[in-house]
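Reviewing the structure listed below.
So that the names make sense, note that chain A is the first sequence line, chain B the second, and so on, each numbered from 1.
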Amino acid sequence: MHRVMNITDVDDKTIRGAREAKIPLREFTAPFKQAFFNDIDTLRIKRADDFPTATDQQYIDRMIAMIATLITRGLAYQADDKSVYFRINKFPDYGKLAHFDLTQLQSTGRVKHDEYDKEHIGDFALWKAWDEEDGAVGWESPWGRGRPGWHIECSAMATALLGDEIDIHCGGVDNIFPHHEAEIAQSEGCTGKKFVRYWLHCAHLLVDGQKMSKSLGNFYTLADVLEKGYTGREIRYALMRVHYRAPLNFTWDGMEEARQSLGRIDDWLMRLRECSASVSLAKGNGRQAGSLPYTFEEALDDDLNISAALGFLFETIRETNRAMDRGEVDPASANVWLNWWERVDSVLAIGHGEDEIPAEISQLARAREQARLAKDWRKSDELRNELNARGWETRDTKDGQKITRRAGT
RNA sequence: GGCGGGGUAGCCAAGUGGUAAGGUCGCGGUCUGCAAAACCGCUAUUCGCGGGUUCGAUUCCCGCCCCCGCCUCCA
């Protein structure tokens, strides 16, 4: 599998930002790029193999070559404003992805149209002619100085790195039209081949039931959520547990639920690890959870049915906990389950390592153990409260006291 | 208005023409000095609303309502 994520590092906003900051475009976009990578790391999102950027000269060259091809084929033309536009009337499939009938399109009035220069209101820019607003930003082309249009960069970078035909193209539903529609038109207009086999469009993130927006005051950054004490993996779990095609409503209750669910997984793993390390007299019973309609893999194979997959995980957790309660899990079968978890977590990436217990914490724990042996409940409860206050939880089991870090780890 | 995605228990959410996974919360129990964790039990005669098809529909068909998104130079 070859994964590519395109980075648009030139557009109206970045040009304006760089101009206002009086710094080169590249210098202006660099911190945003860095922040983006920090965020995907926080969310444990696996890095793509490539992160091509639109301003990379090799891709600019490719965009220019593609535009030239489109002009040669009559699919594009240079208008009086010197910009080059895609001629959508020459591409019958345009609008197919979004199920749009171009003759029935209505303008929302959201964008202003420079209708004079274009043959059709729906024609979109492939190459934008330079104007004063662009300042130092621009590249030479057969059609004069300018910059790439808003969609051609994706076609150029995708076909450069993945070939003319790609298996899966992801993106938000809001990008179906016009962005993905334009990508298809440009790419297939150049190659004559089917550009994308499967489109995976994810639904929107809502906050408190409404679209996230600064004016509604329900706008959160990743940093805001981290500041509330939630960890990256908790956020990851909260965002992940809903099917990608269904809108996800972000709430603080949802974050709390994510934390509790992860705690359940953590406790199960801790138990399994102890079990696998023990010299146990348990009679092995490593049978797989049966009688369930799906396995974890089958659920994900079914259009990434994460809810069914997680359902299977939690049913498995209950079954093995039950078996451990009955003393039916020996080290060998515990390892079977731990290995199974490794496979599951290679996809989910929600596990966390075992905690190292600081010296002062284990000292308090030992003191509590002593108090319990002396049946000094008052003192042992005080020490338990003290440990809780420091973020550690105590559990008294048959095998003695266990301490674990809870919440936000 | 057109197109697309949603509407399932307090909340989140899967699912199927044959009678509702899972998570979370709450309540009761086992265990425990008390807890915690785990386990057991309880919590939707019902799947937005109204018709229809069917022996039977939440699942199929028709109509309607509500929410979210898109409808061309913001990517």
Selected nucleotide, minimal atom distance to [X] side chain, candidates [options]:
X      : options             : result
A/A308 : B/A38, B/A14, B/U72 : B/A14
A/R264 : B/A75, B/G23, B/C68 : B/G23
A/N321 : B/G69, B/A38, B/C12 : B/A38
A/S380 : B/A75, B/G33, B/G23 : B/G33
A/R395 : B/A35, B/C12, B/A38 : B/A35
A/D267 : B/A14, B/A37, B/C71 : B/A37

Remember a base hit wins even if backbone is also touched, and classify [X] as base, sugar-phosphate or nothing at under 4.0 Å, heavy atoms.
X      : result
A/D396 : base
A/H151 : nothing
A/T397 : nothing
A/G254 : nothing
A/N175 : base
A/E256 : nothing
A/R271 : sugar-phosphate
A/H204 : sugar-phosphate
A/F314 : sugar-phosphate
A/R368 : base

On a plain distance test, is the side chain of [X] in donor-acceptor contact with the base of [N] below 3.5 Å?
X      : N     : result
A/N305 : B/G15 : no
A/R384 : B/A35 : yes
A/E315 : B/G22 : no

Does B/C40 have OP1 or OP2 sitting under 4.0 Å from an N or O in the side chain of A/R322?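 A/R322 to B/C40 OP1/OP2: side-chain N or O found under 4.0 Å.
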Nearest-Å distance once atom [atom1] is located in both [N] and [M]:
N     : M     : atom1 : value
B/C12 : B/C25 : C1'   : 11 Å
B/U72 : B/A14 : P     : 31 Å
B/U59 : B/U19 : P     : 15 Å
B/C47 : B/G41 : C1'   : 25 Å
B/A9  : B/U43 : C1'   : 8 Å

Looking at [X] and [Y], does any basic side-chain N land under 4.0 Å from a carboxylate oxygen?
X      : Y      : answer
A/E257 : A/R241 : yes
A/D266 : A/R259 : no
A/D11  : A/K128 : no
A/D167 : A/R197 : yes
A/D325 : A/R271 : yes
A/E393 : A/R405 : no

Looking at [X] versus [Y], is the centre-to-centre ring distance below 6.0 Å?
X      : Y      : value
A/F124 : A/H151 : yes
A/F51  : A/F37  : yes
A/W199 : A/H180 : yes

Check nucleotides 3-6 of chain B against the protein and report each pair of N or O atoms closer than 3.5 Å, with its distance, or say if there are none.
from	atom 1	to	atom 2	distance (Å)
B/C3	O2'	A/A98	O	3.1
B/G5	O2'	A/R245	O	3.0

Its dot-bracket string being built from Watson-Crick and G-U pairs below 3.5 Å, with | for another strand and [ ] for crossing, RNA chain B has the pattern (((((((..(((.....[...))).(((((.......))))).....(((((..]....))))))))))))....
Non-neighbouring partners of A/W252 that pass side-chain hydrogen bond (donor to acceptor under 3.5 Å, both in side chains), sequence neighbours left out: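 So A/W252 forms a side-chain hydrogen bond (donor to acceptor under 3.5 Å, both in side chains) with A/Y220.
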Do A/H243 and A/L248 have side chains that get closer than 4.5 Å, going by heavy atoms?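 The answer is no, as the side chains (C-beta and beyond) never meet within the 4.5 Å cut-off.
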